[in-house]
Structure formats: structure tokens, C-alpha cells
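Heads up, the thing below is written out as C-alpha cells.
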Amino acid sequence: MARAKVQYQCSECGAQAPKWAGQCGECGAWNTLSEVVAVVATAAGKDRFAGYAGDAAAKVQTLSEVQPGSETRVPTGIGELDRVLGGGLVSGSVVLIGGDPGIGKSTLLLQALIRLDGGMKALYVTGEESPQQVSLRARRLGVPTEGLRLLAETSVERILEQARREQPRVMVIDSIQTAWTELLQSAPGSVAQVRESAAQLVRHAKQTGTALFLVGHVTKEGTLAGPRVLEHMVDTVLYFEGDAGGRYRMVRAIKNRFGAVNELGVFAMTGEGLREVRNPSSIFLSRHQDAVAGSVIMVTMEGTRPLLVEVQALVDDSQLANPRRVTVGLEHNRLAMLLAVQHRHGGVFMNDQDVFVNVVGGVRVSETAADLPVLLAVLSSFRDRSLPSDLVVFGEVGLAGEIRPVPNGLERLREAAKLGFRRALVPAANVPREGVGDLDIRALSRYPEVLDWFA
Ligand code: TYD
Ligand code: MG
């Protein structure tokens with residue numbers, strides 16, 4: 001294959017240059033030039049950018065004239081994965097799955113391909129591990145592997161050649177960072193290579209209707225390595241997260257053109273691969289023998305599912321001029337804000353205290369329903385008094401000291417009642433008209449009421 005012409009493009013201003021330079025000649029930005037494939041004005045060149053348009057010239061239509069193609073969904077055979085995908089795999093869709101090394105990306109996809117419904121043809125392309133290693137893992141999973149086709153290859157051109165021959169309905173590229181294309185001279189793993197390789201694979205998936213999984217590595221900062229541009233080239237972005245040493249692993253959709261985002265799939269890593277956790281609402285609760293100070297159980301919503309997690313706080317005399325504010329699994333700025341609300345509206349002074357807050361089990365809580373649990377945990381640790389062990393809490397706290405309602409109040413309360421909790425502390429506007437089980441629900445509307453309740 002002839003080498004395509006290579007150019008360099010500035011990521012700031014888009015200017016193109018025939019040679020790499022440290023500084024962009026147009027806008028003067030430093031270190032912004034990266035390699036791109038030059039667009040050639042031939043039929044083949046245009047085809048690279050054809051997208052959905054096809055051959056015929058596009059015409060303008062009204063939206064109602066457009067017939068939505070019936071998207072066929074294929075269950076992957078792993079219910080929790082189907083859940084985050086929005087109900088199964090869509091043909092022609094491209095799913096990027098990111099996560100720390102060793103979290104279980106390869107294991108999950110191998111399991112999914114093996115269990116794929118109706119014996120659909122699947123191709124697993126491994127660029128990181130040898131076929132022997134993959135086979136060893138498959139054996140550990142203890143499932144028949146006759147149907148699965150395997151290819152150890154990193155060149156995108158050769159992968160696509162094989163894919164055209166094999167015509168798999170589902171293809172996995174493990175990982176996109178090892179893939180490289182002949183069109184570019186830069187090294188595999190570089191931003192330009194990752195982007196161009198992914199573009200070629202995505203094009204193939206769209207043209208042939210192959211469902212494509214791309215495995216992506218995560219940088220130390222926790223974002224997908226390579227450019228963020230990968231995230232908007234694909235239909236679905238899944239993140240694999242969880243405690244490195246822990247048993248539980250979660251797959252979260254952060255972008256999904258075919259389903260809801262923030263849906264969570266929960267797995268446990270076992271000796272025989274990943275096992276689905278179908279009812280995860282209580283797995284993150286550590287059962288203390290006696291109630292301990294600084295611990296609060298909150299009900300958080302993960303997508304459409306309520307999940308009970310423990311929020312822990314430790315408040316301790318600080319030796320520092322600027323006392324520490326540390327959060328794990330929660331937003332850091334939110335803690336500073338909550339402590340300010342607590343001081344201003346409750347008169348609780350903690351400026352000489354270090355405050356640490358942690359969500360147990362490696363869960364990340366990003367919703368505001370954690371406000372009230374965080375404040376209660378902090379208060380409980382500060383006063384060294386435990387809260388009742390059969391209590392659940394949720395609610396948002398506003399800057400004016402008001403306790404604001406959160407979505408899905410009833411679902412949260414029902415789940416807590418189902419798991420045997422007897423008491424709930426919730427925003428007044430979240431109190432349901434009828435009772436929930438035999439849950440004793442206490443309504444709060446302003447922050448000082450929290451202090452009264454705790455007095
Ligand atoms: P892997 O799936 O290779 O992770 P990734 O592709 O995200 O880098 O490995 C997951 C880890 O899980 C690995 O450290 C070994 C472990 N593991 C088990 O505990 N049980 C198993 O059955 C398998 C296959 C792996
Ligand atoms: Mg892997």
C-alpha cells in the first residue's frame with residue numbers, strides 16, 4: 001500500500017504545515033503540531049470522510065420523512081454489560097471501554113464474546129497478549145471456547161483485511177493503543193496513531209455493521225489515554241472502575257448514543273473471571289458490630305438503581321495552618337462548601353480540624369444527594385458520637401442552609417426499607433405521602449434542624 005501524504009496540524013488553530021516544528025507558524029502556540037493524514041482529492045480520499053452519506057449526493061429532508069432504521073440489539077449474554085449498553089449490543093455501534101490496567105477489561109470482553117447469543121461470529125484481536133495468554137485466560141474462565149476466533153495483530157490494515165475475510169458480527173480490539181496504521185510514520189500509541197487507527201476501525205464498523213469494542217488505557221490522571229477525540233468518534237464510552245485491591249468492579253456508561261448514561265453494571269472478580277452482581281444495593285455496606293462514629297449510610301442512585309453506600313468521615317485536630325480537606329470518591333470542592341454551610345448556618349467551627357471523607361468500597365458518588373450524609377458523618381466524627389446503625393440518609397444542602405429534595409426519593413426509601421433499615425433522614429420534599437414499609441421517616445428542611453436532631 002502506498003504511503004499517504006502526511007501533514008502536521010496545529011491543535012490550537014488548525015493550521016497545516018508540511019514539516020513538524022516545535023512552534024506553530026500561524027498562531028505561535030508551542031508543541032501543538034501533530035501528524036495527520038493529508039486529505040487527497042481523489043474518490044478514495046473523499047471516501048475516507050464519507051460518513052453516513054454514502055455515494056449519492058445527499059438531499060435535504062424533513063425529519064419526519066426519515067425512517068428510523070430498526071436497530072437490532074443483541075444480548076451479550078452478560079446482563080450487567082447489556083444494562084450499561086442500554087439493552088444489548090447494537091450492530092454497527094462502536095464501544096470504547098477504558099479502565100486501569102488489570103481491572104478486567106480483557107476478561108470482561110472475552111467472557112462477552114464467548115457467551116454471545118446465538119453463536120454470532122466474533123473476532124478477538126489481541127495486540128497486548130499472545131494467543132497463548134488469551135487461551136490460558138479463557139481456560140480459567142472454564143467455558144467452551146470453540147466458537148471464538150482469535151487474531152494477534154496490531155497493524156490496522158492487516159486487521160481490516162482479516163475482518164473483511166472473516167466477516168465477524170462483533171469485533172474486539174484489545175487495545176487501541178497498540179494498533180497502528182501504515183498511513184502515519186509516528187510510533188504506535190502516539191496520539192496521531194491512536195486517532196487514525198480508531199478512525200479506520202470505526203469506518204469499517206459503520207460500513208459493515210460490525211459491532212466494535214475498542215479497549216483503551218487510562219492515563220494516571222484517569223482519562224482515556226490518547227486524545228479525547230476518541231470519545232466523540234465512538235457511540236458509547238464505558239469506564240471500568242473499582243478498588244484496585246477490591247473484589248467488586250463497576251462498569252459505567254459516560255456516553256451512550258443508544259441508551260441512558262450513568263447506568264452502572266456491577267461485577268465481582270472471582271477465580272473464574274467476572275461474575276455479575278445482580279442485586280448490588282447492599283454489597284458496599286461494611287457491617288460494623290456496633291455503630292461507629294463518623295459513619296453514615298446513604299442511598300445513592302446509580303442510573304436507575306438505588307445503591308446503599310457507607311460514607312465515612314474523620315475529623316481530627318490539625319497541625320497545619322491550612323487544615324486538610326481530603327475526599328475519596330466525592331468531589332473535593334463540595335466538601336469545602338458543605339463545611340462553610342455548616343459553619344455559617346449551624347455555627348459548627350472546624351477551621352482548626354483536618355477533615356477526611358471517604359466513600360467505602362471504591363464507589364464514586366457524584367450526586368448532590370451525598371451532601372447531607374457527608375455533613376452528618378463529619379458531625380458524628382467531630383462529636384465522637386455514632387449514629388443509629390439502622391439509619392439511612394440522603395439530601396442536597398444548599399448554600400442558604402436549606403435541605404433540598406433529590407430525584408427518586410421513593411425508590412431510595414423503598415430500597416432502604418427492603419434492606420431492613422428502620423429510620424431515614426430525608427429532605428422534607430422527599431417524604432412520600434404514604435409510609436414506606438415500617439420506615440420511620442424524619443423530614444428536614446433547614447440545616448439547623450440537623451443539629452437539633454443530633455443534639
Ligand atoms: P485483565 O482482564 O487482563 O485486565 P485488563 O485487560 O483490564 O488489563 O485482568 C484482570 C485481573 O483479574 C488480572 O490481574 C487477573 C485477575 N483475574 C482473576 O482474578 N480471575 C480470573 O478468572 C481472571 C481471568 C483474571
Ligand atoms: Mg487487557
Side-chain angles (χ1 to χ4, degrees), residues 76-81 84-85 94-116 122-154 156 159 170-180 188-189 193-194 197-198 201 212-226 230-231 234 236-254 264-277 280 283 361-362 364:
T76 59
I78 301 183
E80 291 291 299
L81 182 61
V84 282
L85 288 172
V94 183
V95 181
L96 177 65
I97 175 159
D100 292 328
I103 195 98
K105 301 180 293 295
S106 307
T107 307
L108 177 67
L109 291 178
L110 195 60
Q111 278 180 278
L113 288 198
I114 290 171
R115 281 208 237 159
L116 212 58
L123 180 63
Y124 185 95
V125 182
T126 166
E128 306 208 324
E129 293 166 294
S130 66
Q132 289 75 16
Q133 283 171 307
V134 177
S135 136
L136 208 63
R137 168 172 310 128
R139 212 150 295 158
R140 265 178 82 175
L141 302 176
V143 280
T145 55
E146 287 82 35
L148 182 63
R149 311 277 288 164
L150 193 66
L151 172 68
E153 182 60 80
T154 55
V156 170
I159 291 173
V170 184
M171 182 156 75
V172 170
I173 308 292
D174 189 0
S175 67
I176 188 66
Q177 270 90 8
T178 57
W180 62 280
Q193 280 285 4
V194 167
S197 304
L201 290 163
L212 179 67
F213 280 103
L214 302 176
V215 174
H217 288 287
V218 164
T219 59
K220 288 206 184 68
E221 292 76 45
T223 53
L224 282 171
L230 268 193
E231 292 188 1
V234 302
T236 304
V237 180
L238 304 182
Y239 268 94
F240 219 130
E241 53 190 50
D243 244 353
R247 208 166 152 259
Y248 293 107
R249 306 287 156 89
M250 286 150 281
V251 180
R252 191 191 295 276
I254 62 159
L264 194 75
V266 184
F267 298 90
M269 183 57 95
T270 68
E272 289 92 42
L274 290 159
R275 195 173 49 74
E276 294 175 61
V277 181
I283 54 172
R364 229 173 283 158

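Bear in mind the structure is a predicted one, so any value in this text is a computation, not a measurement. Every number for a ligand or one of its atoms is a count from 1 in the order of the listing.
With a 4.5 Å cut-off on side-chain heavy atoms, Leu238 and Leu96 do not count as touching.
Protein residues with a heavy atom closer than 4.0 Å to ligand 1 are Asp100, Pro101, Gly102, Ile103, Gly104, Lys105, Ser106, Thr107, Arg137, Arg140, Met269, Thr270, Gly271, Glu272, Gly273, listed by chain and number.
The Mg ion (ligand 2) lies under 2.8 Å from an N, O or S atom belonging to Ser106.
A salt bridge does not link Arg140 with Glu272: none of the charged nitrogens is closer than 4.0 Å to a carboxylate oxygen.
Applying the side-chain contact (heavy atoms from CB on, under 4.5 Å) test between Ser135 and each of Gln133, Gln132, Arg139 identifies Arg139 as the sole match.
Across all their heavy atoms, Leu264 and Glu80 have their closest contact at O-OE1, 4.0 Å.
Of the N and O atoms on the side chains of Glu128 and Thr178, not one donor lies less than 3.5 Å from an acceptor on the other residue. A donor and an acceptor atom, one from each side chain of Asp174 and Thr126, are nowhere located under 3.5 Å apart.
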